Protein chains: 2
Amino acid sequence: MGTRIALVDDDQNILTSVSLTLENEGFEVDCYHDGETALRGLGRRPVELAVLDIKMPRMDGMELLQKIRGDSSLPVIFLTSKDDELDEALGLGMGADDYITKPFSQRLLIARIRAVLRRASQGEMDMSAPNIVRQGELLMDPDRHLCSWKGEEVKLTVTEFLILQALALRPGMVKNRDQLMDAAYGESVFLDDRTIDSHIKRLRRKIRVQDSTFDNIETLYGIGYKYRA
Amino acid sequence: MGTRIALVDDDQNILTSVSLTLENEGFEVDCYHDGETALRGLGRRPVELAVLDIKMPRMDGMELLQKIRGDSSLPVIFLTSKDDELDEALGLGMGADDYITKPFSQRLLIARIRAVLRRASQGEMDMSAPNIVRQGELLMDPDRHLCSWKGEEVKLTVTEFLILQALALRPGMVKNRDQLMDAAYGESVFLDDRTIDSHIKRLRRKIRVQDSTFDNIETLYGIGYKYRA
DNA sequence: CCGCCCTGCCGCAATGCCGCCGCAATGCTG
DNA sequence: CAGCATTGCGGCGGCATTGCGGCAGGGCGG
């Protein structure tokens with residue numbers, strides 16, 4: 001008996017082709033054409049994961065996600081048609097576990113599904129970087145090296161990305177410079193402490209270009225930095 | 001026979017994954033989906049520690065904590081979804097021994113559990129820095145370098161934090177200036193005694209900005225200071 | 001090979017923190 | 001009550017830490 005997945009899309013082509021692939025992979029698929037029917041169907045037949053199109057008639061993916069998340073932590077993967085939809089989905093701070101932009105390869109979808117399922121089943125045991133970090137208006141997707149603040153993309157370098165990720169992953173937790181250094185370069189790398197300051201400087205500056213009120217990277221005098229949600 | 005732990009969360013995913021991990025670590029786990037059943041279950045099967053989700057149907061974690069604490073000193077660790085919930089939990093002066101914000105790594109949870117258990121078993125003997133100090137309206141969290149009085153944050157410097165922590169950790173106990181000096185700087189540091197007075201002065205002033213009636217740092221003429229609960 | 005970007009570090013200025021001083025207030029002792 | 005010790009408190013100067021602009025070396029792609 002395979003894992004049960006809900007597939008919601010108003011495009012019949014997608015519905016049939018994707019469901020076929022998923023069934024070939026051993027999943028059981030419940031197909032729905034719109035959010036409303038999906039919501040009703042999910043009440044009757046619980047699934048372990050949902051794949052939702054964002055743009056749908058009657059009830060779109062985001063609304064559906066909210067309803068779903070109202071009373072469960074069902075893993076959800078979004079399908080998005082354009083990049084701005086993607087930003088929208090992320091920018092609104094929706095709680096999707098992952099998303100895929102159309103057009104996508106079936107193989108990619110399978111991989112993402114398995115990844116999300118694995119994370120869900122192992123709970124937080126999975127120490128590998130979660131695919132998406134979401135803290136308030138900040139969104140980070142390591143897989144795509146994508147970072148957005150209030151829905152707008154912020155272009156970060158690798159080092160900046162890793163440092164911000166380390167901070168945002170545990171908002172409120174103080175990180176000293178060594179810990180941030182470890183996050184950015186791995187352990188056993190020695191650099192001047194002040195280097196972290198430089199990266200923090202650039203991080204703040206880049207985000208402030210879009211939102212001059214950004215002040216979520218907090219300095220703790222004599223200790224380090226922390227991310228405030 | 002491992003230590004028995006109660007795990008209460010309405011999210012089945014968390015429940016299964018966390019209980020698995022804990023069992024792997026040699027704990028025995030009692031799972032409950034909501035506060036009410038948990039409370040009944042705890043009456044029948046006492047545990048040595050409880051891990052509670054804050055948001056739950058029927059009876060949430062805070063209500064449950066109050067009931068639990070009504071007739072025992074069972075150590076409790078909170079799971080919180082958002083930071084505002086966290087603040088809520090702390091601000092309300094709930095008596096949790098620790099809390100973890102989701103998402104969290106299982107490893108972190110294990111570590112916290114062990115720390116809380118160690119502290120609980122060794123009582124006041126445990127000199128290792130506890131994760132959370134809570135004395136009446138005062139709350140201190142070294143990991144987050146967070147200090148709050150009556151739910152409002154008080155920004156302290158490292159030295160101030162350490163001194164207040166040393167006092168609040170053992171309310172009622174007199175600490176002379178040498179002891180406070182050790183707590184703040186480690187041993188083998190010599191400074192003028194009056195320096196401690198300055199820090200006490202600044203501590204009192206900072207807290208009094210928010211609450212002019214604050215007088216819990218008591219002076220013992222010719223001896224030192226103590227924290228009054 | 002050239003040019004761009006990333007990055008680590010430096011120097012300066014601004015800020016924060018801290019130890020101590022001096023004086024006034026308070027407590028203790030005889 | 002007198003006298004001494006101790007503490008509260010404002011303040012100050014020095015030191016440490018941090019923000020920020022900038023720069024030079026290195027990597028990488030064109």
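Values in this document were obtained by computation on a predicted structure and should not be read as measured data. Reminder, nothing fancy here: chain letters follow the sequence lines and each chain counts from 1.
Atom CD1 in A:Ile196 sits about 16 Å away from atom P in D:dT17, given to the nearest Å. Atom P of nucleotide D:dC9 and atom CZ of B:Arg194 are separated by 11 Å, given to the nearest angstrom. Rounding to whole angstrom units, CG of residue B:Leu203 and P of C:dC18 are separated by 10 Å. Rounded to whole angstrom, the span from the CG atom of A:Asp197 across to the P atom of C:dG8 amounts to 13 Å. Separating the CG atom of A:Leu191 from the C1' atom of D:dG26 is a distance of 14 Å, rounded to the nearest angstrom. Following rounding to the nearest Å, B:Tyr221 (OH) and D:dG8 (P) show an atom-to-atom distance of 11 Å. B:Asp192 places its CG atom 10 Å from the C1' atom of C:dC21, with the value rounded to the nearest Å. For B:Ile200 and D:dC9, the CD1 to P distance is 11 Å, given to the nearest whole Å.
For B:Thr219, no side-chain nitrogen or oxygen approaches OP1 or OP2 of D:dT7 to under 4.0 Å. OP1 or OP2 of C:dC20 lies within a sub-4.0 Å distance of a side-chain N or O belonging to B:Thr195. When the side-chain nitrogen and oxygen atoms of B:Thr159 are compared with OP1 and OP2 of C:dC17, none of them lie within a distance under 4.0 Å. The shortest distance between the side-chain N/O atoms of A:Tyr185 and the OP1/OP2 oxygens of C:dG8 is below 4.0 Å.
Counting any heavy atom pair closer than 4.0 Å across all strands shown, B:Phe190 reaches no nucleic acid atom. Using a 4.0 Å heavy-atom distance criterion, A:Leu220 is classed as a sugar-phosphate-only contact.
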**Report entry** Verdict with supporting geometry, B:Asp143 and A:Arg170, salt bridge (Lys or Arg N to Asp or Glu O under 4.0 Å)
**Finding:** CA-CA 11 Å; B:Asp143 290 340; A:Arg170 306 225 164 280; over 6 Å; no
Requested in this report: Please step through side chain to side chain donor-acceptor pair (under 3.5 Å) for the pair A:Thr219 and A:Arg204, ending with a clear verdict.
Outcome: CA-CA 11 Å; A:Thr219 306; A:Arg204 293 206 260 231; 3.3 Å; yes
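Ring-plane geometry between B:Trp149 and B:Phe214 is classed as perpendicular, the angle between the planes exceeding 60 degrees on a 0 to 90 degree scale with a lower cut at 30.
Between the side chain of B:Lys201 and the base of D:dG11 there is at least one donor-acceptor pair of N/O atoms closer than 3.5 Å. B:Arg202 contributes no side-chain N or O that forms a donor-acceptor pair with the base of D:dG10 under 3.5 Å. If you check distances only, the side chain of B:Ser198 does reach the base of C:dC20 with a donor-acceptor pair under 3.5 Å. In terms of polar N and O atoms assigned as donor or acceptor, the side chain of B:Arg205 never comes within less than 3.5 Å of the base of D:dG10 in a complementary pairing.
Listed nucleotides: C:dC9, D:dC9, D:dG19. Nearest to the side chain of A:Tyr225: D:dG19.
Residue A:Glu187 places its CD atom among 12 or fewer non-hydrogen atoms of other residues, nucleotides or ligands, all under 6.0 Å distant.
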Name the atoms and distances for all side-chain donor-acceptor pairs under 3.5 Å in residues 189-197 of chain B, with sequence neighbours left out.
from, atom 1, to, atom 2, distance (Å)
B:Asp192, OD1, B:Arg194, N, 2.7
B:Arg194, NE, B:Asp197, OD2, 3.1
B:Thr195, OG1, B:Asp192, O, 3.1
B:Asp197, OD1, B:Arg177, NE, 2.7
B:Asp197, OD1, B:Arg177, NH2, 3.4
B:Asp197, OD2, B:Arg177, NH2, 3.3

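Each of B:Asp193 and B:Lys206 was matched to the nucleotide of DNA chain C holding its nearest heavy atom; the match closer to the 5' end belongs to B:Lys206.
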